[in-house]
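Inspection log for the structure reproduced underneath, given as structure tokens.
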Amino acid sequence: MHAPLEKKKGFSPDQIAYLVDAIAQLNLHEAFAPSNGSTAQGGSEPEMVHGTPIEDLCKEELAKYQQHPLDLRLRLERWTDRNEMAEGLDNFLLRHWGFFNVAPNSPGYMMRMRIPACKMRGDQMLVMAEIADELAGGYAHVTTRGNLQLREIEPKNVLEILDRIHQAGLSCHGSGADSARNMTAAPTSGFDSQELIDLSPYTIRLSNLVLNSRALQGLPRKFNISFDGGGAISSVSDSNDICFQAVRVGMNEAGVEPGLYCRISLGGISGHKDLARATGALCTPAQTVMVGAAMLHVFVEHADRTNRKKARLKYLLDAKGVEWFLKRTDEKLLEMDADFQLIRLDDAHDAPRAPVNRSGHIGVHPQREVGINYIGVALEMGRLSSEQMRTIGKVAMHYGGNDLRLTVWQNILIPHVPDDQLSLAEAELNAAGIATKATAFAAGGVACTGKWGCKFGLAHTKADGTRLIRHLEQTFRLDQPLNIHLTGCPNSCAQHYIGDIGLVGATMPDGGEGYFVVLGGGSDSDRGIGRPLCGPIGSDELEAIVGTVVGNYLDQRAPGQSFLSYARSLTDEQLPSLLERAS
Ligand code: SF4
């Protein structure tokens, strides 16, 4: 027999509930038990967030301090029930959940997915097509981080969309605002005959680790991480805050065992005219997950929280130096109970990276396994109708391995198609208006959303880019790759500084739309920041001016010379001659 329960002394449940409510309203939990790195030491010391006094925080930092972005879920219930859009700083916070109020440029929310390693399945694309039709605008865009965006979402549909994508094994979390954004890997990871290693499993693990770490959300600023396994298609890792590049290290006197490692470059941000800098640090492929997490923690604890223009990793490295950052990373690895430290070795012993195939993202290409291929479909500036999404998903399921890869060139690969299924797969794609071949102009054209759907946009990038590429296709025949990057504003989402030809949106003196033109940028073995050519030029002058530049290149180049090589052979003084067309 049980002894009778002794009546407990103390507060009744009602009294406890009252006290909890009262304490919560006093916000004492924030003052005495901060969860976001803040410190409060009584009345004399100022309250701090990772060393920055509260009163010095910029408004976005203050908003994150007052409400951790993860804690927005309850308010999302209310906004959904009331069909109410998040505005102002709430809109900023909600971007951590992947929903962006983009009015007035485009109605409703834009939703940006999170597709780590740029890998999704054919059946997931079918779900996205269904959502696009039933709860969004009936179309999608592939972004320059190998991701998908839907638009025209009414606030009342947000929670249903979240439910549906979660059921399909997808997420849109951490794809906007101050997040470690979609982590990219080479789109041919795992089946590329020249890659050194498939880094996509580590990409996905780091992405999941971040999403499950409260401290690694609501960073001081957005953060890009890329994994390059050395395959034929570039993931443009130079423009990332952290780039893990697979390398084979040879014999050396430093005692580092020869073998396969990931070389770490840091601080790439092409819009600020800086590419990722060499660090002399290495880790093994399996260690990239812990190293990435440690570096993110160092960034969280030390980056600028007062000025968003100086908050990206580049500026922390500029202020403190790469060596300082690596030392803090080693300390953090110890704190995280990792049983390794970063390896230091300069790149003199690295085998060179295999060349990137700049046309490898379009058309049919053999995979590592004999008789198996991938098909790169050509999308016009990343645009996809829901019908095309459905076709791509079905072709991946029926003819491939239900596998899809999105590229930073704003197109999609359908892998694992056997030789004898190729013609059937291509025929189905072509019947839905999806091209599997493209001219060099179309294959290399990328554009951010621009003014059509982004409040920062100064020009209609996608429409202007489409018009420009059609004009160039009708005027010239080109046998070399040529990338034209159109970015709507200096935020550089389409990375104009690393295009062969870069166009960045501008306002003309008369208030009209226009562009500045830069030339000769590149990534990977061609890495370099484009040089200014002219601008602002009106949007309606694009075809004439870019056409003149391309015409001069084709007339004056050495046989087979690429545009990049030709543009870089010109001095700053010679560059303007490209604008003069010989009659
Ligand atoms: Fe918007 Fe500017 Fe980014 Fe284009 S570059 S999507 S206009 S913020």
Side-chain angles (χ1 to χ4, degrees), residues 113 115 117-133 138-142 146-148 150 168-170 185-195 198 200 231-233 357-445 466 469 473 481:
M113 301 296 291
I115 303 185
C118 311
K119 263 171 109 159
M120 65 186 290
R121 301 190 310 264
D123 63 284
Q124 291 174 325
M125 188 61 93
L126 297 188
V127 172
M128 292 306 296
E130 212 173 85
I131 294 173
D133 273 341
Y139 58 90
H141 291 146
V142 178
N147 206 344
L148 269 185
L150 300 188
L170 289 164
T188 45
S189 294
F191 56 82
D192 191 311
S193 48
Q194 76 172 37
E195 79 178 352
D198 176 4
S200 64
I233 304 183
N357 175 1
R358 288 182 62 187
S359 310
H361 58 293
I362 302 289
V364 175
H365 298 267
Q367 294 183 191
R368 189 161 51 208
E369 194 184 338
V370 176
I372 305 292
N373 313 273
Y374 71 85
I375 305 172
V377 304
L379 306 177
E380 226 172 34
M381 302 286 165
R383 287 179 286 224
L384 270 173
S385 69
S386 59
E387 211 35 60
Q388 290 172 329
M389 294 163 79
R390 235 171 244 117
T391 302
I392 288 172
K394 283 181 188 160
V395 168
M397 291 168 78
H398 295 156
Y399 302 106
N402 194 23
D403 189 2
L404 287 174
R405 308 298 174 92
L406 278 57
T407 83
V408 299
W409 307 104
Q410 295 182 305
N411 73 315
I412 299 178
L413 311 187
I414 304 174
H416 318 309
V417 183
D419 285 344
D420 61 1
Q421 304 285 294
L422 273 173
S423 53
L424 289 170
E426 280 200 89
E428 267 187 46
L429 291 165
N430 296 159
I434 303 165
T436 51
K437 296 181 179 67
T439 63
F441 297 113
T466 305
I469 281 165
E473 285 176 322

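For this chain, numbers begin at 1 and follow the sequence in order.
- Distance OH/Y399 to CG/L422: 11.0 Å, rounded to 0.5 Å.
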Check the pair Q194 / N357 against side-chain contact (heavy atoms from CB on, under 4.5 Å), numbers first and verdict last. CA-CA 11 Å; Q194 76 172 37; N357 175 1; over 6 Å; no
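- Formation of a donor-acceptor pair under 3.5 Å by the N411 side chain with backbone atoms of H361 is found in this model.
- Residues R405 and I233 form no side-chain contact, since every pair of their non-hydrogen atoms from C-beta on lies 4.5 Å or further apart.
- The shortest distance between side-chain heavy atoms of T466 and R383 falls below 4.5 Å.
- Of all the heavy atoms in N373 and P366, the pair that sits closest is OD1-CA, 3.7 Å.
- A donor-acceptor pair under 3.5 Å links the side-chain atoms of Q124 to the main chain of R121, judged by distance alone.
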side-chain contact (heavy atoms from CB on, under 4.5 Å), that's the test. Do I392 and I414 meet it? Break it down for me. CA-CA 8 Å; I392 288 172; I414 304 174; 4.2 Å; yes
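- The CG atom of L384 sits 7.0 Å away from the CD1 atom of I434 when rounded to the nearest 0.5 Å.
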Would M397 and M125 count as a side-chain contact (heavy atoms from CB on, under 4.5 Å) if you check the C-alpha gap in whole Å, the side-chain angles of each, and the deciding distance to 0.1 Å? CA-CA 10 Å; M397 291 168 78; M125 188 61 93; over 6 Å; no
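- Summarising the geometry of M128 relative to L148, their closest heavy-atom pair is CG-CD1, 4.2 Å, with the distance given to 0.1 Å.
- To the nearest 0.5 Å, the span separating CE on M113 from CG on L170 amounts to 4.5 Å.
- Ring geometry for Y374 versus H365: interplanar angle under 30°, hence parallel rather than tilted (30 to 60°).
- Closest approach of A132 and M389 over heavy atoms only: CB-SD, 4.4 Å.
- A salt bridge links D133 and R390; the closest N-O separation between the charged side-chain nitrogens and carboxylate oxygens is under 4.0 Å.
- Side chain of E428 to main chain of T391: no donor-acceptor pair is present (N/O by atom type, distance under 3.5 Å, no hydrogens or angles).
- Note that NE2 of H141 and CE of M381 are 11.5 Å apart. Values are rounded to the nearest 0.5 Å.
- In this structure, NZ on K394 lies 12.5 Å from CG on L429, to the nearest 0.5 angstrom.
- The two residues H416 and I372 have their closest heavy-atom pair at CA-CG2, 3.4 Å.
- Looking at every heavy atom in both residues, L404 comes nearest to A396 through CD2-CB, 3.7 Å.
- Side chains of I412 and T407 form no contact here, defined as non-hydrogen atoms less than 4.5 Å apart.
- Side-chain atoms of N402 come within 3.5 Å of backbone atoms of D123 as a donor-acceptor pair (strictly under, hydrogens ignored).
- With hydrogens and angles ignored, the 3.5 Å screen pairs a side-chain donor or acceptor of E195 with a backbone N or O of G190.
- The two residues A425 and V395 come nearest to each other via the heavy atoms CB-CG1, 3.9 Å.
- Rounded to the nearest 0.5 Å, atoms CD (E130) and OG (S386) are 10.5 Å apart.
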